[in-house]
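The structure appears below as structure tokens.
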Amino acid sequence: MELLCPVCGLPLCKEERLWRCVKNHSFDIARQGYVNLLTVDKKHAKHPGDTKEQVAARKSFLDGGFYAPIAETVRELITPLSPKAVLDAGCGEGYYLTKLQEALPEAAFAGIDISKDAVRFAAVRNKNALWLTGTAASLPFPDKSFDCVLSMFALTVEQEFARVLKDDGYYLRVTAGEDHLMGLKQIIYPEILRKEKELHPQFHGFRLEQTKTINFTFTLESNKQVQDLLSMTPHFWRISKEGAERLHQTDTLTDTAQVVFDLYQKE
Ligand SMILES: C[S@@+](CC[C@H](N)C(=O)[O-])C[C@H]1O[C@@H](n2cnc3c(N)ncnc32)[C@H](O)[C@@H]1O
Ligand SMILES: [Zn+2]
């Protein structure tokens, strides 16, 4: 897979322990195997993206298999497309990319996330993908590098995604549905305000090809699992003191996930 220098945009060449461009900008390969391509000017915080604690909670929850139906649906939608190269933008700690790779062992996989902690976990999880710290707003790949880009509960940067996709390539956007995790919401909010969500948005340069919504129920059997789930959601940032206290008393939770899969094709 080809990488571009985030400083000057020229190709990077892989050496033993680093990637370097002809202008001598170089990027170390970390002990765990990932490469940090996030330059200081693109960082909006010292440690942007999810924190180490959030990443650890997400890993623990996903490894519990509670969201396996999501990974299974990604596999169902992507495998028939037989991609040769796949990018996961906002890959987190690499669970979904790794699951998809099991079904497509011949394809090349890359994951990028702005959180160094997330990418470090991903690189430990899976040695057979290219893991990068960087921003999806400026992807370090040449035009038309991928057959498929995924964004799982992460951002869409339509122009960049269209640029790195080959002609007719696919973009799979996975988001929470309106009725996602109502059980958790009922515990943490006295009153649930339903926000109108834009379903199946249009993206410039893409045509919506297919959409699928899944609902599935799962049961958490410890407060740790409940807290891990909270850390994965935007409610983690919004929860009130009272809500946090109620959740603290919650040792079991049966909840329903609602997840929307929108598959777009590049026009
Ligand atoms: C809700 S998490 C989802 C993680 C993973 N896709 C999953 O579903 O397990 C969103 C991720 O987007 C990452 N992120 C936020 N801004 C980003 C950016 N500009 N470029 C790349 N990743 C970003 C965060 O660090 C976080 O890991
Ligand atoms: Zn350079």
Side-chain angles (χ1 to χ4, degrees), residues 2-13 18-27 34-39 41-71 73-74 86-100 109-123 125-126 129 131-141 149-161 164 172-176 180-181 228-237 257 259-261:
E2 254 189 81
L3 280 181
L4 300 181
C5 174
V7 179
C8 67
L10 290 171
L12 289 172
C13 284
L18 50 80
W19 289 76
R20 194 198 306 270
C21 75
V22 290
K23 291 198 174 166
N24 214 21
H25 302 124
S26 68
F27 303 89
Y34 69 92
V35 188
N36 182 4
L37 293 181
L38 193 64
T39 50
D41 62 312
K42 301 218 172 73
K43 274 195 196 182
H44 48 78
K46 190 153 189 285
H47 298 289
D50 282 10
T51 64
K52 194 169 176 178
E53 291 70 31
Q54 277 178 290
V55 176
R58 173 174 294 118
K59 175 169 167 31
S60 169
F61 183 88
L62 292 173
D63 285 348
F66 302 108
Y67 274 7
I70 302 175
T73 305
V74 172
V86 179
L87 171 68
D88 187 354
C91 61
E93 49 63 69
Y95 172 78
Y96 295 109
L97 182 154
T98 303
K99 285 282 171 203
L100 181 60
F109 281 81
I112 189 165
D113 199 287
I114 204 163
S115 159
K116 195 167 167 175
D117 290 311
V119 174
R120 187 182 302 122
F121 271 80
R125 180 194 281 284
N126 177 347
W131 298 108
L132 304 170
T133 308
T135 171
S138 168
L139 291 168
F141 300 101
V149 174
L150 312 177
S151 171
M152 310 282 308
F153 307 102
L155 69 176
T156 296
V157 189
E158 53 197 294
Q159 223 179 334
E160 270 303 82
F161 291 5
V164 300
L172 179 64
R173 176 178 183 262
V174 179
T175 49
H180 188 54
L181 305 181
D228 285 349
L229 175 63
L230 174 72
S231 315
M232 293 173 47
T233 69
H235 312 300
F236 178 77
W237 305 104
V259 182
V260 181
F261 298 77

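In this chain, residues are counted from 1 in sequence order. Both ligands and their constituent atoms are indexed starting at 1 by order of listing.
- Heavy-atom proximity to Phe153, at under 4.0 Å, picks out these atoms of ligand 1: 1 (C), 2 (S), 3 (C), 8 (O), 10 (C).
- Considering backbone and side-chain atoms alike, Asp88 places every N or O at 3.5 Å or more from each N or O of ligand 1.
- For the pair Gly134 and ligand 1, a heavy-atom separation below 4.0 Å is found.
- Residues Thr135 and Leu38 form a side-chain contact, since some pair of their non-hydrogen atoms from C-beta on lies under 4.5 Å apart.
- Of the possible donor and acceptor atoms, none in the side chain of Trp131 sits under 3.5 Å from a partner among the backbone N and O of Cys91.
- For the pair Ala137 and ligand 1, no heavy-atom separation below 4.0 Å is found.
- In terms of polar-atom proximity, defined here as any N/O pair under 3.5 Å, Ala118 makes no such contact with ligand 1.
- Among Gly111, Gly90, Ala154, the residue whose heavy atom lies closest to atom 4 (C) of ligand 1 is Gly90.
- Heavy-atom contacts of Ser115 reach the following atoms of ligand 1: 25 (O) (cutoff under 4.0 Å).
- Considering backbone and side-chain atoms together, Met232 places no N or O closer than 3.5 Å to any N or O of ligand 1.
- Looking only at N/O/S atoms, His25 comes nearest to the Zn ion (ligand 2) through ND1.
- Checking only distances, Asp50 does come within under 3.5 Å of ligand 1, N or O to N or O.
- Heavy atoms only, all atoms of each residue included: Arg125 and Gly94 are closest at CD-O, 3.7 Å.
- The side-chain heavy atoms of Arg173 and Phe161, taken from C-beta on, include no pair separated by under 4.5 Å.
- Listed here is the closest heavy atom pair of Phe153 and Thr175: CE2-C, 3.9 Å.
- Using a 4.0 angstrom heavy-atom cutoff, Leu62 counts as in contact with ligand 1.
- Rounded to the nearest 0.5 angstrom, Thr133 OG1 and Arg120 CZ are separated by 8.5 Å.
- Side chains of Thr233 and His180 form no contact here, defined as non-hydrogen atoms less than 4.5 Å apart.
- Within the 4.0 Å heavy-atom criterion, the part of Tyr96 lying near ligand 1 is the side chain and not the backbone.
- Nearest heavy-atom pair across Thr51 and Asp117 is C-OD2, 4.3 Å.
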